[in-house]
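Let me begin by presenting the structure, written as structure tokens, before commenting on it.
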Amino acid sequence: MLDLQYICDHLEEVKANCRNRGVQVDVSPILSLRDQRRELITRGDALRKEQKETSGKIPKASADQKPALIARGKQLREEVAKIEEEQKKVEEQLYALQSQIPNMTHPDSPVGRLEEDSVTVREVGEIPEFDFEPKDHVELAQGLDLIDFESGSKVAGHGFYYLKNEAVLLELALVQYAVEKLVAEGFTITTTPDLARDEVLEGIGYIPRGDETQIYSVENSDLSLVATAEITLGGMMKDEIIDADKLPLKIAGISHCFRTEAGAHGRATRGIYRVHQFTKVEMFGFTAPELSASDEYHQMILRIEEEIFQGLELPYRVLDICTGDMGGSSYRKYDLEAWMPGRGGYGEVTSCTNCTDYQARRLGTRCRTPGKKGTRFVHTLNGTAVAVTRAMIAILENNQQADGSVVVPAVLRKWVGVDRITAKKG
RNA sequence: GGAGAGAUGGCUGAGUGGACGAAAGCGCCGGAUUGCUAAUCCGGUAUACGGGUCAAACCGUAUCACGGGUUCGAAUCCCGUUCUCUCCGCCA
């Protein structure tokens with residue numbers, strides 16, 4: 001969330017930003033709530049001061065002074081309790097309101113509401129020309145016995161699948177390839193929990209429970225299945241103070257991602273484009289709280305994402321995501337969309353976001369500069385290295401041959417073990 | 001899952017109802033001193049919130065895992081939660 005003081009001092013900018021983002025929230029009450037909070041704190045502090053003084057006098061007081069002091073102490077206790085309750089209520093309202101306000105936006109982010117308002121920064125790679133009718137990944141997978149949708153549905157329902165045969169090797173290869181790249185880039189790699197506490201989800205900006213939620217939650221617990229390792233990677237530093245000279249922290253994680261995809265019915269539901277579970281290698285960053293630092297990190301993540309797809313020899317474009325299409329935490333966001341012949345268009349394969357201090361404030365992740373007083377909230381960033389299912393679609397569809405076989409990208413062959421995936425005999 | 005022990009500042013660790021934001025040591029910062037890769041001595045060294053200020057200084061409040069309770073008063077007593085450790089069970 002945004003800083004309360006910042007919101008109050010920049011009310012018009014915040015309101016304009018909400019409009020650009022397509023977020024409907026009445027920001028106005030925040031000023032009076034802020035003032036109410038301040039007054040309650042001032043009054044509470046004064047009462048607590050008297051309370052301390054009163055109770056401090058009691059041990060030294062004479063026997064006939066004591067009853068009056070104790071009576072006053074009791075009275076003060078009640079008054080303090082009342083004030084504290086009021087303060088709690090006001091702060092809850094403030095928190096609820098603040099949580100609805102999205103992050104401020106990079107001045108260069110395109111303003112718009114729809115996906116189409118995002119701006120293509122560049123297109124890289126050759127879109128393949130086929131001298132035959134190209135298949136989509138579902139048909140290809142069927143011909144090559146790579147994905148078992150029927151068993152997936154039977155066992156877990158629509159949106160689940162079994163990868164089989166070379167598809168399994170391809171998944172492992174993609175993960176290995178991404179990890180190898182990230183290690184070379186100086187990331188600390190992790191495998192993260194696939195579940196996380198609701199408070200961590202909330203800190204990152206997810207709403208774990210409720211009608212519209214994208215999150216699977218575990219009953220009778222405060223745990224939810226993670227939608228991305230962004231949650232668990234960001235959560236690592238919850239309530240931590242990091243030495244500023246250790247920044248940026250470059251951490252990556254492999255996790256499964258679980259999404260209910262509520263409300264997404266009918267939208268690209270074919271195949272493994274939109275599924276309830278997939279494997280992903282995610283980059284995360286904690287940087288110094290300066291835009292120069294987080295911008296630089298953001299560009300680095302984007303470069304790595306591009307290099308990963310260039311290495312796979314897949315055509316893609318980079319989108320500068322418009323104000324209306326980014327999440328609440330985002331200050332700026334780029335997507336990579338790979339060409340997917342089966343859809344006859346581009347499909348999102350990665351995404352990278354600079355959240356500035358928006359997530360850090362709620363997570364309580366700060367940094368301290370040695371020798372300087374105080375702490376500041378760090379900037380956080382996240383980006384996809386490889387989302388396995390999406391990358392697999394792009395590989396299968398772009399690398400398909402007239403005979404239905406699929407050429408394995410050269411960089412993955414050492415793990416897949418073959419140059420080409422062909423139909424099984426028999 | 002069962003039994004027990006524990007959680008104190010950057011770290012180690014004392015503190016079992018009032019004089020405790022908290023001893024001591026280490027670390028760190030500043031200074032003094034000594035001809036010697038260092039030692040010694042002195043001083044300082046948390047964070048958040050509110051007020052205050054151009055900015056500081058400063059003032060107040062809170063914080064001894066977290067949340068509640070008892071009490072005039074809680075690091076200290078009681079309850080719950082989380083986490084850590086030890087032993088047992090189970091298990092990959």
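Every chain is numbered from 1, with letters handed out A, B, ... down the list of sequences. Hydrogens, waters and symmetry mates are skipped; everything else that's a heavy atom, side chains included, is used.
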Between B/rA23 and B/rG15 - C1' atom distance, rounded Å: 8 Å
note: A/Glu78, atom CD; B/rU71, atom C1'; distance rounded to Å ~ 13 Å
When you compare B/rA62 with B/rG9, how far apart are their C1' atoms, in angstrom units rounded to a whole number?
-> 15 Å
note: A/Ile58, atom CD1; B/rA74, atom C1'; distance rounded to Å ~ 14 Å
_Could you tell me how far B/rG10 sits from B/rG21 if I compare only their C1' atoms? Round to whole Å._
16 Å
So what does A/Arg197 hit on the nucleic acid, given a heavy-atom distance under 4.0 Å: a base, only sugar-phosphate, or nothing?
-> sugar-phosphate
The side chain to side chain contact (heavy atoms under 4.5 Å, CB included) partner of A/Ile272 among A/Ile393, A/Val388, A/Val138, A/Leu396 is A/Ile393
When rounded to whole Å, the CG to P distance for the pair A/Asp239 and B/rA65 reads 15 Å
Under the rule of Watson-Crick or G-U wobble with both distances under 3.5 Å, where | means paired to another strand and [ ] a crossing pair, RNA chain B maps to ((((((((.[[[..)..(.....]]]((((((.......))))))((((((......)))))).[[[[[..)....]]]]])))))))....
Residue pair A/Lys57/A/Arg77 against RNA chain B: nearer the 5' end by closest nucleotide is A/Lys57
Would you be so kind as to tabulate the donor-acceptor pairs closer than 3.5 Å made by side chains of residues 36-48 of chain A, with sequence neighbours excluded?
residue, atom, partner, partner atom, Å
A/Arg37, NE, A/Glu91, OE2, 2.7
A/Arg38, NH2, A/Asp35, OD1, 3.1
A/Glu39, OE2, A/Arg43, NH1, 3.2
A/Thr42, OG1, A/Arg38, O, 2.9
A/Asp45, OD1, A/Arg48, NH2, 3.1
A/Arg48, NH1, A/Glu84, OE2, 2.8

Atom NZ of A/Lys238 and atom P of B/rU82 are separated, to the nearest Å, by 16 Å
Contacts of A/Gly44 and A/Lys88 projected onto RNA chain B by closest heavy atom; the upstream (5') one is A/Gly44
- request: For nucleotides B/rC58 and B/rG44, find the distance between their P atoms and express it as a whole number of Å.
  value: 13 Å
* Salt bridge A/Glu282-A/Lys280, side-chain N to carboxylate O under 4.0 Å -> yes
Checklist entry - Taking the C1' atom of each, how far is B/rA39 from B/rA57, in whole Å? => result 37 Å
A/Arg72 atom CZ is separated from B/rU71 atom P, nearest whole Å, by 18 Å
From CG of A/Asp198 across to P of B/rU81 the rounded distance in Å is 18 Å
Show me, pair by pair, the donor-acceptor contacts under 3.5 angstrom made by side chains of residues 376-384 of chain A, not counting sequence neighbours?
residue, atom, partner, partner atom, Å
A/Arg376, NH1, A/Glu290, OE2, 3.2
A/Arg376, NH2, A/Glu290, OE2, 3.1
A/His379, ND1, A/Ser294, OG, 2.8
A/Thr380, OG1, A/Gln359, OE1, 2.7
A/Asn382, ND2, A/Glu230, OE2, 3.2
A/Thr384, OG1, A/Ser351, N, 3.2
A/Thr384, OG1, A/Ser351, O, 3.4

- Using 30° and 60° as the class limits, which term best fits the ring planes of A/Phe284 and A/Phe286: parallel, tilted or perpendicular? tilted
task = Describe, in one word, how the ring planes of A/Tyr216 and A/Phe160 are oriented to each other, choosing from parallel (under 30°), tilted (30 to 60°) and perpendicular (over 60°).
result = tilted
B/S/- along nucleotides 45-60 of chain B (protein heavy atoms under 4.0 Å) is -SSSSSS--------B
* Contact class for A/Lys60 (heavy atom, under 4.0 Å): base, sugar-phosphate, or nothing? -> nothing
message = Could you tell me how far B/rC11 sits from B/rC88 if I compare only their C1' atoms? Round to whole Å.
response = 34 Å
Problem set entry | Polar side chain donor-acceptor pair, A/Asn20 to A/Thr105, under 3.5 angstrom | no
Nearest heavy-atom approach of A/Met1 to A/Arg361 is O-NH1, 2.7 Å
Here the distance between atom P of B/rU61 and atom CD of A/Glu39, to the nearest Å, is 19 Å
Here the distance between atom C1' of B/rC72 and atom NZ of A/Lys52, to the nearest Å, is 15 Å
- Item | Whole-angstrom distance between B/rG30 and B/rU86, as gauged at atom P | 41 Å
| said: Between B/rA14 and B/rG69, how far apart are the two P atoms, rounded to whole Å? | reply: 31 Å
Sequence neighbours excluded, the answer for side-chain hydrogen bond (donor to acceptor under 3.5 Å, both in side chains) partners of A/Thr191 is none
With sequence neighbours left out, the residues meeting side-chain hydrogen bond (donor to acceptor under 3.5 Å, both in side chains) with A/Asp3 are none
